[in-house]
Amino acid sequence: MSVITRFAPSPTGFLHIGGARTALFNWLFAQHHGGHMLLRIEDTDRARSTEAAVTAIHEGLEWLGLDWRGEPISQFARAARHGEVARELLAAGKAYHCYCTPQELSEMRETAKAEGRSMRYDGRWRDRDPGEAPAGQAPVIRLKSPQSGTTVVHDLVQGEVKVGNSEMDDMVLLRADGTPTYMLAVVVDDHDMAVSHVIRGDDHLTNAIRQRQIYDLMGWQAPQFAHIPLIHGADGAKLSKRHGALGVEAYRDMGILPAALRNYLLRLGWSHSDDEIFDTAQAVEWFDLDAIGKSPSRFDIPKLENLNSHYLRTMDEVALCALCRDQLVATIGRALSETEQDRLPLAMGALKERAKTLVELADKAMFLLDNRPLEMEEKAAALVQGGDAPGLLAKAHACLGGVTDWNHDGLADAIRGLADAEGLKLGKLAQPLRAALTGRNASPGIFEVLYFLGRRESLDRIGDHME
RNA sequence: GUCCCCAUCGUCUAGUGGCCCAGGACGCCGGCCUCUCACGCCGGAAACAGGGGUUCGACUCCCCUUGGGGACGCCA
């Protein structure tokens, strides 16, 4: 039997981080077992579903590099089939019409709550004569679920989970307007799509028990279930907007690489002994459900950033230059000149190990752009004005003017030579130079900076601060 | 309230009865390197929630407590 998994988000917002991890696990599991993942959009709630959310989900998955087999399936489009199954259950006496009104139901819950009883539907229409049906009142169809015994789910992550049937009420299968509920739709779809493994968030664990009852009553074989623990915010509470854990696109905008997010999400709740870094091929080879932890985990941005800096340093440099360029263009709002673009690959090696995100990378690359006179950060301004700095810069200007080999070694010789001649430690000369050259007090090595900028630009920038 | 799930350093985790006075990673602290910032390297502080069992021996098995999370919709 081949492995078929599915990712089934409801299109009511972006692809959030928990959903992204669920998708990743489904994808990885399918790949590992030589199967494939399906995408199903759970859009039966017409009021809350939007086309924009569907697009956001597609884009999020694509950005993460997760693909699915075939066309995405719209759950709403399958409503007729869901209704058919509900009526089949009804005809077989495994479901019944219930004429309770919403008000009646909420009153029932209120009283139960007040009396400290469980807030379940009491089954008042379960065995009632259909002849007693109130006229003009459309009924819902409820499952006639077993009232004794236990329903068990062998969860691949959580182990054996059992709930006494007396704990559960008769769930609604088909609403009064004839549309299916989520419980029915999920079961029918997973069955029809031949899904072999349902991998989803822990919040569905108790749903699995109820869904199991539908499978049983239909005489269908239930899929394997794997309920993965939820991701919490840094404070341990449920992940919310407040935590900055938004859609995956928010991480993209923060300058996180998809490879880094994938690695981070995978390691969150899953482990392979002490290993921390996995590329996709390695992840596919190693991933399996038995190594998933059972407890919820907290989302930790610093660790994500650490991973991101790793991927920044190891990724293809040409591709990284392109990403950095795009980021720069986005921040300055204009295209780069040819000279500016040419400096990027020169400097990338030095820049990339100083950045944790793409945004930071672009920021550190800002000094490569032509925009004299440079805007000086406060500390840099002090360096360039302090004491004998202007005089020193004039000497440096003269000295560099005579450099014939404008490369790292040639520049190092010249600058070190000047420092020696002046009886200064290199730092005393390098700092004012750095400030004049970059407008900041921190940058890659000073010889490199000179080299990246080239003779003309370097001399001009120093010239701006000479006396 | 009822039901279900979970519980190792601040965080992610290794650990499936003796290899553990608990290992790795992130973060944090100190040092080295050094023209700044990073990188790198070296070192440090930091955890088995509590209580009962079982056992020659429990982080590992069982029970209780506590704490956290989830579910109880004609939402998904």
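For the numbers below, each heavy atom of this structure counts, side chains included, while hydrogens, waters and symmetry mates do not.
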So, A/S148 and A/N165: side-chain donor and acceptor under 3.5 Å apart, yes or no?
no
Which residue lies toward the 5' end of RNA chain B, A/R267 or A/A355, if each is placed at its nearest nucleotide?
A/R267
Please determine if a side-chain N or O atom of A/R298 lies less than 4.0 Å away from the OP1 or OP2 oxygen of B/rG10.
no
It should be established whether A/T44 places a side-chain nitrogen or oxygen under 4.0 Å from OP1 or OP2 of nucleotide B/rA76.
yes
Just distance, no hydrogens or angles: give the donor-acceptor pairs under 3.5 Å from side chains in residues 171-187 of chain A, sequence neighbours left out.
from, atom 1, to, atom 2, distance (Å)
A/R175, NH1, A/T179, OG1, 2.9
A/R175, NH1, A/P180, O, 3.1
A/D177, OD1, A/T179, N, 2.9
A/D177, OD1, A/T179, OG1, 2.7
A/T181, OG1, A/V172, O, 2.9
A/T181, OG1, A/L173, O, 3.3
A/Y182, OH, A/H204, ND1, 3.2

Does B/rC37 have its OP1 or OP2 closer than 4.0 Å to a side-chain nitrogen or oxygen of A/S443?
no
Just N and O in the side chain of A/R313: are any of them under 4.0 Å from OP1 or OP2 of B/rG40?
yes
Using atom P in both nucleotides, what's the gap between B/rG18 and B/rA58 to the nearest angstrom?
12 Å
Can you see if the side chain of A/K303 gets near the phosphate of B/rC12 - specifically, an N or O under 4.0 Å from OP1 or OP2?
no
Take atom C1' in B/rC42 and the same atom in B/rC63, then report the distance between them in whole Å.
47 Å
In Å, rounded to the nearest 0.5 Å, how long is the span from CZ of A/F29 to CG of A/D288?
5.5 Å
Say you pick atom P in B/rC6 and the same atom in B/rU13; how far apart are they, in whole Å?
15 Å
